[in-house]
Q: 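The structure is given below, and queries will be raised subsequently.
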Amino acid sequence: MSAVSERPARVLVVDDDPTVSDVVARYLHRDGLDVRLAADGPGALREFADYRPDLVVLDLMLPGLDGIEVCRRMRAGADVAVIMLTALGEESDRVLGLATGADDYVTKPFSPRELALRVQSVLRRSYRPVPPAQPEVVRDGDLVVDTAARIATLGGQRLNLTVREFDLLAFLARNPGTAYRREELLAQVWGWTFGDHSTVTVHVRRLREKVEHDPAQPHRIVTVWGVGYRYQPDGGGAR
């Protein structure tokens with residue numbers, strides 16, 4: 001069971017299909033999580049403000065206010081993990097969900113057990129202790145990544161990173177100079193043995209927009225053509 005302090009983790013499930021919401025809630029309850037439901041965009045924002053969940057399972061297509069806008073508003077005011085539910089399964093929909101700040105996505109129709117495992121995976125990465133063998137603070141010029149506090153700053157200003165963005169940045173910064181394939185990053189950061197490699201691509205692009213002085217010519221998170229990505233400390237090396 002995932003927990004924040006001594007209480008069960010709070011999960012807000014937002015879907016306008018009551019059957020989907022009920023099934024998901026039952027699986028999450030079985031895992032010992034505290035769950036609330038919302039059926040539309042405005043209701044999701046009201047529940048979010050009242051409930052302050054640790055994670056939101058959010059359908060992309062919602063009445064009143066779509067999931068993209070709901071995600072934007074939630075993440076503008078709080079550092080909350082979001083798993084997006086997408087109905088169409090098109091790559092553009094998945095990328096759109098990730099680009100708005102979602103930490104993960106699941107395509108409908110989905111296995112409720114798989115979704116429950118994804119929820120546990122995101123919660124573990126949000127609140128698990130940092131292994132003592134790893135450095136707690138990584139410094140690279142004006143970029144500081146504090147893995148114990150889960151805070152990253154650039155030029156003294158705190159970066160607004162999602163759970164997955166922080167995990168990816170921390171992993172790369174702790175392992176500078178090593179080129180990683182996208183499937184390796186999926187395994188190391190997401191804990192997936194399979195998955196859509198575009199997930200990594202989108203997260204790298206979003207990270208570059210936040211940690212690079214010129215995202216179009218990245219100096220820190222560089223592309224290794226034909227392989228994947230490498231973290232280059234001190235802003236040097238190939239682009």
Q: Under the criterion side-chain contact (heavy atoms from CB on, under 4.5 Å), I'd like the reasoning laid out for R181 against V224: C-alpha separation, chi angles, the key distance, then a yes or no.
A: CA-CA 9 Å; R181 298 190 304 275; V224 181; over 6 Å; no
Q: Per the ring pair (Phe, Tyr, Trp, His ring centres under 6.0 Å) rule, which among Y229, Y231, F171 passes with Y180?
A: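 Of the listed options, the one satisfying the test is F171.
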Q: When you compare the side chain of L12 with that of M74, does any pair of heavy atoms fall below 4.5 Å?
A: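 In short, these two side chains touch, coming nearer than 4.5 Å.
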Q: Are any of the side-chain nitrogens in D17 or K108 under 4.0 Å away from the carboxylate oxygens of its partner?
A: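 Judged by the 4.0 Å cut-off on N to carboxylate O distance, D17 and K108 do not form a salt bridge.
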Q: To the nearest 0.5 Å, tell me how far T162 OG1 sits from N160 CG.
A: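 Atom-to-atom, T162:OG1 and N160:CG are 8.5 Å apart.
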Q: Run the numbers on L154 and L143 for side-chain contact (heavy atoms from CB on, under 4.5 Å), then give the verdict.
A: CA-CA 5 Å; L154 183 67; L143 176 66; 4.0 Å; yes
Q: Of the non-hydrogen atoms in Y27 and A116, which two are nearest, and what is the gap between them?
A: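 For Y27 versus A116, the nearest heavy atoms are CB-CB, 4.4 Å.
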Q: On a heavy-atom basis, which atom in V70 and which in L65 lie closest, and how many Å separate them?
A: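 Reported closest heavy-atom pair: CG2-O, 3.8 Å.
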Q: Looking at L168 and H203, what are the two nearest heavy atoms and their distance?
A: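 Closest heavy-atom pair between L168 and H203: CD2-CB, 3.8 Å.
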Q: Does atom CZ of R139 have more than 12 heavy-atom neighbours from other groups under 6.0 Å away?
A: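 Open.
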Q: Could you list the donor-acceptor pairs under 3.5 angstrom formed between side-chain atoms of residues 32-49 and any protein atom two or more places apart in sequence or on another chain?
A:
residue, atom, partner, partner atom, Å
D34, OD2, Y51, OH, 2.6
R36, NH1, E47, OE1, 3.0
R36, NH1, D50, OD2, 2.7
D40, OD1, G43, N, 2.6

Q: Hey, are the side chains of V24 and D15 touching, using non-hydrogen atoms and a 4.5 Å cut-off?
A: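 V24 vs D15: side chains apart.
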Q: Which heavy atom of V122 sits nearest a heavy atom of V163, and at what distance?
A: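 Of all heavy-atom pairs spanning V122 and V163, the closest is O-CG1, 4.2 Å.
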Q: For the atom pair CG (L123) and CG (D103), what is the distance rounded to the nearest 0.5 Å?
A: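 Rounded to the nearest 0.5 Å, the CG-CG separation comes to 10.0 Å.
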Q: Drop me the distance from L115's CG to D104's CG, to the nearest 0.5 angstrom.
A: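 Separation between the atoms: 9.0 Å.
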Q: Between the side chain of N175 and the main-chain N/O of T178, is any donor-acceptor distance below 3.5 Å?
A: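 It does not hold such a pair.
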Q: With the side chain counted from C-beta on, respond yes when E165 and L169 share a heavy-atom pair under 4.5 Å apart, and no when they do not.
A: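 When only atoms from C-beta onward are counted, L169 and E165 do not touch, as no gap falls below 4.5 Å.
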Q: In Å and rounded to the nearest 0.5 Å, what is the CD1 to CE distance from I68 to M61?
A: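 Here the interatomic distance stands at 10.0 Å.
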Q: Among side-chain atoms of R174 and T147, is any donor-acceptor pair under 3.5 angstrom?
A: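 Indeed, the side chains of R174 and T147 share at least one donor-acceptor pair under 3.5 Å.
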Q: Have R182 and T201 got a donor and an acceptor in their side chains that come within less than 3.5 Å?
A: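 Yes, side-chain donor-acceptor contact under 3.5 Å.
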Q: Between F166 and L159, is any pair of side-chain heavy atoms under 4.5 Å apart?
A: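 No, their side chains stay 4.5 Å or more apart.
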Q: For E69, what residues pass the salt bridge (Lys or Arg N to Asp or Glu O under 4.0 Å) criterion, not counting sequence neighbours?
A: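 E69 satisfies salt bridge (Lys or Arg N to Asp or Glu O under 4.0 Å) with R72, R73 only.
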Q: Indicate if V11 and F110 have the same hydrophobic cluster label, given that clusters are the connected sets of ILVMFWY residues with side-chain heavy-atom separations under 4.5 angstrom.
A: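 As far as the 4.5 Å side-chain criterion goes, F110 and V11 are connected within one cluster.
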Q: Does any non-hydrogen side-chain atom of R208 lie less than 4.5 Å from one of T223?
A: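 A side-chain contact exists here, since the closest heavy-atom pair is under 4.5 Å.
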Q: For a 4.5 angstrom cut-off between non-hydrogen side-chain atoms, does Y105 reach T199?
A: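 Yes - at least one pair of side-chain heavy atoms lies under 4.5 Å apart.
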Q: Distance check, rounded to the nearest 0.5 Å: L172 atom CG versus D140 atom CG?
A: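 So the CG of L172 and the CG of D140 are separated by 11.5 Å.
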Q: Are L28 and V23 connected in the hydrophobic side-chain network, where two residues link if heavy atoms are under 4.5 Å apart?
A: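 No, no single cluster joins them.
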Q: Quick check for you: to the nearest 0.5 Å, what is the distance between L161 atom CG and L207 atom CG?
A: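 The CG atom of L161 sits 6.5 Å away from the CG atom of L207.
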Q: Please report the closest heavy-atom contact between G67 and M84, naming both atoms and the distance.
A: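 That closest heavy-atom pairing would be O-CE, 4.1 Å.
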Q: Under a single-linkage rule joining Ile, Leu, Val, Met, Phe, Trp and Tyr whose side-chain heavy atoms are separated by less than 4.5 Å, which residues share a cluster with I151?
A: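 Members alongside I151: none; it stands by itself.
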Q: Compare every heavy atom of E212 with every heavy atom of H219, then report the nearest pair and how far apart it is.
A: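 It is N-OE1, 2.9 Å.
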